[in-house]
There are 2 protein chains.
Amino acid sequence: MNAQFKKGVLEMCVMALLGFRDRYGYELVHEISERFEISEGSIYPLLRRLLTEGYVSTYLQESVEGPARKYYSLTENGIFARDELIKEWNDFSTAVCGLIEEMTNAEG
Amino acid sequence: MNAQFKKGVLEMCVMALLGFRDRYGYELVHEISERFEISEGSIYPLLRRLLTEGYVSTYLQESVEGPARKYYSLTENGIFARDELIKEWNDFSTAVCGLIEEMTNAEG
DNA sequence: TTCTAGTATCTTACATTGCAAGATAGTGAT
DNA sequence: ATCACTATCTTGCAATGTAAGATACTAGAA
């Protein structure tokens with residue numbers, strides 16, 4: 001899978017998942033991995049960025065299966081940013097898919 | 001428009017446009033700008049990369065409207081690479097759109 | 001006990017790529 | 001001459017995904 005395609009999109013996906021319910025990093029990695037390839041080295045730095053930008057807040061929670069989990073929750077600013085990103089993604093992906101279809105259906 | 005979304009996608013769009021017919025850089029900038037924002041500083045370095053990788057070949061052609069145009073043409077390797085990219089994009093964008101829909105239709 | 005596997009978080013160095021800004025130059029109209 | 005449009009190119013910068021590795025808790029197997 002082309003790593004470049006994921007730039008920016010991963011951030012949107014994480015925020016969309018957090019908009020549904022709070023999740024911890026390891027959980028996000030596995031959740032997203034069901035849709036497309038992703039690694040921990042992408043998720044943890046991203047979560048740190050979202051925290052710095054004030055788009056998420058965090059809290060720790062004990063676990064019986066291993067070390068404590070760090071849950072992430074979307075803030076109001078995060079909800080706003082997520083909605084903006086999704087709008088842009090929808091416009092962009094629609095434009096790109098349109099171009100691809102037009103250019104491949106008639107093959108020069 | 002989120003610049004990150006375009007990473008990798010711009011390359012695919014250029015190759016899709018070149019698969020339809022040969023084009024020159026300035027033309028590509030304006031063609032793509034009708035779909036989404038793009039600048040010359042993105043296109044010319046990209047075309048140079050595609051040339052280095054052997055995905056396109058070039059030829060000069062005089063113009064009555066200004067300086068000579070440098071046309072780009074997809075090579076066989078370029079056609080193969082383009083088709084691979086389009087497959088990956090279709091899989092990826094479908095997965096992302098699916099995730100977004102699922103996470104926003106039920107809003108946590 | 002020791003080892004392994006699964007769960008969970010974090011950091012560092014690196015590669016890629018889009019963009020702003022600016023340079024260069026030909027054509028043609030004001 | 002000056003401006004606008006056409007056309008190409010380069011440089012430095014910013015952003016982000018990835019590999020690779022470190023750390024540490026739990027639980028079962030050898």
Side-chain angles (χ1 to χ4, degrees), chain A residues 1-15 22-33 35-53 55-56 58-72 81 85 88-89 92 95-96, chain B residues 1-15 22-33 35-53 55-56 58-72 81 85 88-89 92 95-96:
Chain A
M1 169 62 67
N2 189 335
Q4 300 302 322
F5 286 166
K6 302 173 197 166
K7 304 245 163 151
V9 178
L10 189 54
E11 178 179 342
M12 177 184 65
C13 289
V14 165
M15 292 174 90
D22 296 356
R23 302 177 202 248
Y24 53 99
Y26 192 76
E27 183 185 11
L28 284 165
V29 174
H30 289 268
E31 199 88 38
I32 295 173
S33 290
R35 318 270 185 160
F36 54 88
E37 278 177 55
I38 200 65
S39 67
E40 292 165 12
S42 308
I43 288 290
Y44 289 112
L46 164 57
L47 288 170
R48 175 168 292 277
R49 262 183 277 139
L50 293 177
L51 194 60
T52 302
E53 287 159 8
Y55 293 156
V56 297
T58 63
Y59 55 94
L60 278 177
Q61 201 162 291
E62 303 279 330
S63 165
V64 287
E65 299 169 69
R69 296 165 174 168
K70 197 176 200 173
Y71 277 85
Y72 291 83
L85 277 177
E88 286 186 19
W89 164 260
F92 179 69
V96 171
Chain B
M1 168 63 67
N2 189 335
Q4 299 302 321
F5 285 166
K6 301 172 196 166
K7 305 247 164 150
V9 178
L10 189 53
E11 178 179 341
M12 178 184 65
C13 288
V14 165
M15 292 175 90
D22 295 357
R23 302 177 203 248
Y24 54 99
Y26 192 75
E27 183 185 10
L28 284 165
V29 174
H30 290 268
E31 198 88 37
I32 296 173
S33 290
R35 319 270 185 159
F36 55 88
E37 280 177 54
I38 201 64
S39 67
E40 293 164 11
S42 308
I43 289 290
Y44 288 113
L46 164 57
L47 289 169
R48 175 167 290 279
R49 261 182 277 138
L50 292 178
L51 195 59
T52 303
E53 287 160 7
Y55 292 156
V56 298
T58 63
Y59 55 94
L60 279 175
Q61 201 163 290
E62 302 280 329
S63 164
V64 287
E65 299 169 70
R69 295 165 174 169
K70 196 176 199 172
Y71 279 85
Y72 291 83
L85 277 177
E88 286 185 19
W89 163 259
F92 180 69
V96 171

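This one's a predicted model, so the numbers in the text were calculated from it and none came from an experiment.
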How close do [X] and [Y] get, counting heavy atoms only, and between which atoms?
{"X": "B/Leu10", "Y": "B/Leu46", "value": "CG-CD2, 3.8 Å"}
{"X": "A/Val29", "Y": "A/Ile38", "value": "O-CG2, 3.5 Å"}
{"X": "B/Glu27", "Y": "B/Asp22", "value": "OE1-O, 4.4 Å"}
{"X": "B/Met12", "Y": "A/Phe5", "value": "SD-CZ, 4.4 Å"}
{"X": "A/Leu47", "Y": "A/Gly25", "value": "CD1-CA, 3.8 Å"}
{"X": "A/Ser63", "Y": "A/Pro67", "value": "CB-O, 3.8 Å"}

*Could you check which residues of residues 62-70 of chain B get a heavy atom under 4.0 Å from DNA chain D? Sort them by number, please.*
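Residues of residues 62-70 of chain B under 4.0 Å from DNA chain D: B/Ser63, B/Glu65, B/Pro67, B/Ala68, B/Arg69, B/Lys70.
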
Mind checking if [X] touches a base, just sugar-phosphate, or nothing, with heavy atoms under 4.0 Å?
{"X": "A/Ser42", "result": "base"}
{"X": "A/Lys7", "result": "base"}
{"X": "A/Phe92", "result": "nothing"}
{"X": "B/Phe36", "result": "nothing"}
{"X": "B/Gly41", "result": "base"}
{"X": "A/Glu40", "result": "base"}

Between [atom2] of [N] and [atom1] of [X], the distance in whole Å:
{"X": "B/Gln4", "N": "C/dA15", "atom1": "CD", "atom2": "C1'", "value": "14 Å"}
{"X": "B/Ile38", "N": "C/dT17", "atom1": "CD1", "atom2": "P", "value": "13 Å"}
{"X": "B/Gln61", "N": "C/dG26", "atom1": "CD", "atom2": "P", "value": "19 Å"}
{"X": "B/Tyr24", "N": "C/dA25", "atom1": "OH", "atom2": "P", "value": "21 Å"}
{"X": "A/Leu10", "N": "D/dT18", "atom1": "CG", "atom2": "C1'", "value": "11 Å"}
{"X": "A/Phe5", "N": "C/dA15", "atom1": "CZ", "atom2": "C1'", "value": "17 Å"}
{"X": "A/Tyr55", "N": "D/dT16", "atom1": "OH", "atom2": "P", "value": "10 Å"}
{"X": "B/Arg49", "N": "D/dC9", "atom1": "CZ", "atom2": "C1'", "value": "14 Å"}

Heavy-atom side-chain contact between [X] and [Y] under 4.5 Å:
{"X": "B/Trp89", "Y": "A/Val96", "answer": "yes"}
{"X": "A/Val14", "Y": "A/Ile32", "answer": "yes"}
{"X": "B/Arg69", "Y": "B/Tyr26", "answer": "no"}

_Would you say B/Tyr26 places a side-chain N or O within less than 4.0 Å of OP1 or OP2 belonging to D/dT6?_
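Indeed, a polar side-chain atom of B/Tyr26 lies that close.
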
*Is the distance from OP1 or OP2 of C/dT9 to the nearest side-chain N or O of A/Tyr44 less than 4.0 Å?*
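Checking C/dT9 against A/Tyr44, a side-chain N or O does come within under 4.0 Å of OP1 or OP2.
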
*asked:* Taking the axis from the first five pairs and the axis from the last five, what angle separates them in the helix from C/dT1-D/dA30 to C/dT30-D/dA1, rounded to 10 degrees?
replied: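 The angle, to the nearest 10 degrees, is 10°.
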
_Quick test of your reading: applying salt bridge (charged side-chain N to carboxylate O under 4.0 Å, His left out), list the pairs with at least one residue in residues 35-52 of chain B, sequence neighbours left out, ordered by first then second residue._
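Sorted result for residues 35-52 of chain B: A/Glu102-B/Arg35.
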
Would you tabulate the pairs of protein nitrogen or oxygen atoms and nucleotide nitrogen or oxygen atoms of nucleotides 3-5 of chain C closer than 3.5 angstrom?
none

*Name all residues meeting the side-chain contact (heavy atoms from CB on, under 4.5 Å) criterion together with B/Ser39; count only those two or more places apart in sequence or in a different chain, and write none if there are none.*
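Partners of B/Ser39 under the side-chain contact (heavy atoms from CB on, under 4.5 Å) test: B/Ser42.
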
*ring-ring contact (aromatic ring centres under 6.0 Å, His included) partners for B/Tyr71, two or more places apart*: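 Result, ring-ring contact (aromatic ring centres under 6.0 Å, His included) vs B/Tyr71: B/Tyr24, B/Tyr59.
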
*Identify, between B/Pro45 and A/Tyr72, the residue whose nearest nucleotide on DNA chain C lies closer to the 5' end.*
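Comparing both residues, the 5'-ward one is A/Tyr72.
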
